[in-house]
Amino acid sequence: MLNSLRTQVGIIGAGPAGLVLSHLLYLHGIDSVVVENRSRQYVEERVRAGVLEQGTADLLVEMGVGERMKREGLLHSGIELRFGGRGHRIDFQDLTGGKGITIYAQHEVLKDLNNARAATGGQVYFEVEDVSVHDIDRPRPKVRYRKDGNSHELDCDFIAGCDGFHGICRPSIPSAVLTEYERVYPFGWLGILAEAPPSSHELIYTYHDRGFALLSMRTPRISRLYLQCKPDEDIAQWSDQKIWQELQLRLAADGWKLTEGLVLQKGVTGMRSFVVEPMQYGRLFLAGDSAHIVPPTGAKGLNLAVADVQILARSLKRFYDTGRRDLLDSYSEVCLRRVWKVQRFSWWMTSMLHRFPDENSFDQRRQLAELDYVTGSRAAATTLAENYVGLPME
Ligand code: FAD
Ligand code: DHB
């Protein structure tokens, strides 16, 4: 038997894009249903990003889901760039007129959003199977899925593809309509979560002969650390002791000590830049990782997903308030202007801070000159700072 359900906006995926969109639409008085193929517990425990731009944190507060973030999140007003064994601070507050970032884990944001959706009668269905989209170029597109052995059909005005890089929405658009832009990097990141008080108040991005390293954190007791590694690195070859040894070597600086602790979780992530154009087809709108991927060096993935759905939510609001489609029609164009600037920044941070297998001594000298310039020139430091804390919304 086929169960039919009606909603204004069908949302596929309960990651940051899908859940922020669903709650924004609720605040605008627009009905939505979210379908997610993983369990709520899985989504709320998956360790991913941790840096919120000023605008992302402000939006969560405006949406009424920022209370716990304000209590537990860590406000940072700068980062350190470390090279040649010396640290150089980029002072965001000074360079951007008072802006900063908030350290608060992505899965904590998702917990807060799930709680808010549940408290306001939001329809978020987890552990659904065989999700597919139909009639996306017609006035009433459909989402079909199975849950608990039953088949369901969601009859929608619009569909939001918030189902990440490996989702089904992007491949549902005729390939002749899409152009893909991609760069795959010849390295990855080995990341650990450790029960160790962070050895610095702020994040440290390090350029080192042995490769890039990053010190980040989640709470005053939990550190998050990353090492540049091979793209296909076998995590089984990395004992906890070997990881700490390598981190000690790459992060070393005079008079500074990295505090070690119990490794709670470890994994390897590949690095790519990817954009699909356009980000819409008919009544299907792609948002977040389903439309673009950035290498993690600029801490932009989650923030870009949130920026997309802000643009989508206001476009849908205009349509339902006035019947005007102008903002919906320009959705992709408006998003892509930001997407490409964020791609540029993420590529630039990645290129400046990593060792490349095919580089020569000229490239290394150029990277060091770039770091010297960025940390020595107020103009250069300002371009890093304004991108890192987040470009203004158009
Ligand atoms: P996602 O968070 O991927 O959400 C998509 C959701 O859709 C998922 O819950 C998925 O289960 C669901 N889904 C997929 N297919 C289907 C389907 N067919 N039907 C129903 N649901 C479906 N960014 C940083 O800035 N810093 C980091 O350190 C960092 N680390 C990362 C580590 C990993 C392993 C990964 C994969 C990403 C990381 N990112 C990081 C990127 C950041 O987490 C993403 O950019 C962000 O999650 C994008 O949000 P999203 O909602 O677009 O996609
Ligand atoms: C973290 C991840 C990033 O990609 C980054 O650039 C900074 C911090 C993190 O997980 O804390």
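Numbering of ligands and ligand atoms starts at 1, following listing order.
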Could you give me the CA-CA distance, side-chain angles and deciding distance for Phe83 and Leu353, then say whether side-chain contact (heavy atoms from CB on, under 4.5 Å) is met?
CA-CA 9 Å; Phe83 56 99; Leu353 287 160; over 6 Å; no
Carboxylate-amine/guanidinium contact [X] [Y], below 4.0 Å:
X: Arg338; Y: Glu53; answer: yes
X: Arg89; Y: Glu202; answer: yes
X: Asp240; Y: Lys266; answer: yes
X: Arg272; Y: Glu182; answer: yes
X: Glu386; Y: Lys99; answer: no

Below 4.0 Å, non-hydrogen atoms only: which portion of [X] touches ligand 1? Side chain, backbone, both or neither.
X: Trp189; result: neither
X: Gln106; result: side chain
X: Arg46; result: side chain
X: Ile293; result: neither
X: Val131; result: side chain
X: Ser290; result: neither

Quick check on salt bridge (Lys or Arg N to Asp or Glu O under 4.0 Å): which of Arg144, Arg146, Lys142 does Glu153 satisfy it with?
Arg144
Atom indices of ligand 1 within 4.0 angstrom of [X] heavy atoms, with elements:
X: Arg38; answer: 11 (O)
X: Ile12; answer: 19 (N), 20 (C)
X: Ala299; answer: 25 (O)
X: Ile168; answer: 18 (N)
X: Lys300; answer: 25 (O)
X: Val35; answer: 20 (C), 21 (N)
X: Gly301; answer: 25 (O), 45 (O)
X: Gly167; answer: 15 (N)

Leu75-Ile103 co-clustered via ILVMFWY side chain contacts under 4.5 Å:
no
Students should be able to answer this: which protein heavy-atom is nearest to [atom], and at what distance?
atom: atom 51 (O) of ligand 1; answer: Ala17 N, 2.9 Å
atom: atom 14 (C) of ligand 1; answer: Asp163 O, 3.1 Å
atom: atom 11 (O) of ligand 1; answer: Glu36 OE2, 2.6 Å
atom: atom 36 (C) of ligand 1; answer: Arg48 NH2, 3.1 Å
atom: atom 21 (N) of ligand 1; answer: Asn37 N, 3.3 Å
atom: atom 5 (C) of ligand 1; answer: Cys162 O, 3.3 Å
atom: atom 23 (N) of ligand 1; answer: Ala49 CB, 3.5 Å

Only one of Trp189, Tyr226, Tyr207 passes ring-ring contact (aromatic ring centres under 6.0 Å, His included) with Phe212; say which it is.
Trp189
Give me the ring orientation class for Phe158 and Tyr320: parallel if the planes are under 30° apart, tilted from 30 to 60°, perpendicular past 60°.
perpendicular
Side-chain H-bond candidate by donor/acceptor type, [X] with [Y], under 3.5 Å:
X: Ser273; Y: Tyr185; result: yes
X: Glu45; Y: Gln41; result: yes
X: Arg68; Y: Tyr104; result: yes

Report yes or no: does Tyr226 have a heavy atom closer than 4.0 Å to ligand 1?
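So Tyr226 counts as touching ligand 1.
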As a quick check of understanding, evaluate side-chain contact (heavy atoms from CB on, under 4.5 Å) for Ile159 and Arg283, giving each step before the final call.
CA-CA 6 Å; Ile159 297 175; Arg283 291 191 164 230; over 6 Å; no
Any donor-acceptor pair under 3.5 Å from [X] side chain to [Y] backbone:
X: Arg210; Y: Glu246; result: no
X: Glu36; Y: Arg38; result: yes
X: Thr322; Y: Arg324; result: yes

Selection from Thr269, Val268, Asp289 by shortest heavy-atom distance to atom 34 (C) of ligand 1:
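Minimum heavy-atom distance to atom 34 (C) of ligand 1 goes to Thr269.
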Closest by any non-hydrogen atom to atom 49 (O) of ligand 1: pick that one out of Ala14, Gly288, Pro16, Gly15.
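Heavy atom nearest to atom 49 (O) of ligand 1 belongs to Pro16.
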Within-4.5 Å side-chain heavy-atom neighbours: Lys300 and Met349
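Not touching, per the 4.5 Å side-chain cut-off.
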Per the under 4.0 Å non-hydrogen criterion, ligand 2 touches Arg48, Gly50, Val51, Trp189, Leu203, Tyr205, Leu214, Ser216, Arg218, Arg224, Tyr226, Pro296, Thr297, Ala299
Would you confirm whether any non-hydrogen atom of the protein falls under 4.0 Å from atom 39 (N) of ligand 1?
no
